[in-house]
Amino acid sequence: DKPVGKVVHFYDKLSVAIIDLESGGLKVGDEVKFKKGDEEFTQKIESLQVEHESVDSVKKGDSFGVKVSKPTKPGTEVYLV
């Protein structure tokens, strides 16, 4: 497994993680795994936002928001499943 990005911020009231994509690309419908230490969870991406605009996909170098099913912390690595 190779991480595609990293969580840089988490809004707990909105349950939204801000992720910097470091390689590859992601699109709505992809399954991703969030992993930090012993904590990990997998979920399907239901929506992506860049600069508060909904988008269908993101590419390397993009910073984007995604709604997450569980709280996550900055530094959490994101993997494409």
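In the displayed structure, Lys35 atom NZ is contacted under 6.0 Å by at most 12 heavy atoms of other residues, nucleotides or ligands. By the neighbour-count criterion of 12 heavy atoms within 6.0 Å, atom OH of Tyr11 is sparsely surrounded, having that number or fewer from other residues, nucleotides or ligands. Atom CD of Glu39 has 12 or fewer heavy atoms from other residues, nucleotides or ligands within 6.0 Å.
Legend: residues meeting side chain to side chain donor-acceptor pair (under 3.5 Å) with Lys33, ordered by chain and number and at least two apart, are Asp1. Remark: Asp30 engages Lys27 in a salt bridge (charged side-chain N to carboxylate O under 4.0 Å, His left out) (not counting sequence neighbours).
The hydrophobic cluster containing Val8 also contains Val16, counting ILVMFWY residues as joined when their side-chain heavy atoms lie under 4.5 angstrom apart, directly or transitively. Hydrophobic clustering of Ile, Leu, Val, Met, Phe, Trp and Tyr side chains at less than 4.5 Å, counting indirect connections, keeps Ile18 apart from Phe41.
Across all non-hydrogen atoms, the minimal contact from Asp56 to Leu48 is O-CD1, 3.8 Å. A pairwise comparison of heavy atoms in Ser23 and Pro3 identifies OG-O, 3.7 Å as the closest pair. Between Thr42 and Val81 the shortest heavy-atom distance is CG2-CG2, 3.8 Å.
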Output side-chain donor-acceptor pairs under 3.5 Å for residues 62-80, partner residues at least two apart or in another chain, one line each.
unit_1 : atom_1 : unit_2 : atom_2 : d
Asp62  : OD2    : Lys59  : N      : 2.8
Ser63  : OG     : Asp20  : OD1    : 2.8
Lys67  : NZ     : Leu14  : O      : 2.7
Ser69  : OG     : Gln43  : OE1    : 3.0
Thr72  : OG1    : Thr76  : OG1    : 3.1
Thr76  : OG1    : Lys73  : N      : 3.4
Thr76  : OG1    : Lys73  : O      : 2.6
Glu77  : OE1    : Tyr79  : OH     : 3.0

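Considering only heavy atoms from C-beta on, Val50 comes within 4.5 Å of Val58 through its side chain.
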Run Val32 and Ile45 through side-chain contact (heavy atoms from CB on, under 4.5 Å) and show every step you take. CA-CA 7 Å; Val32 288; Ile45 293 177; 3.8 Å; yes
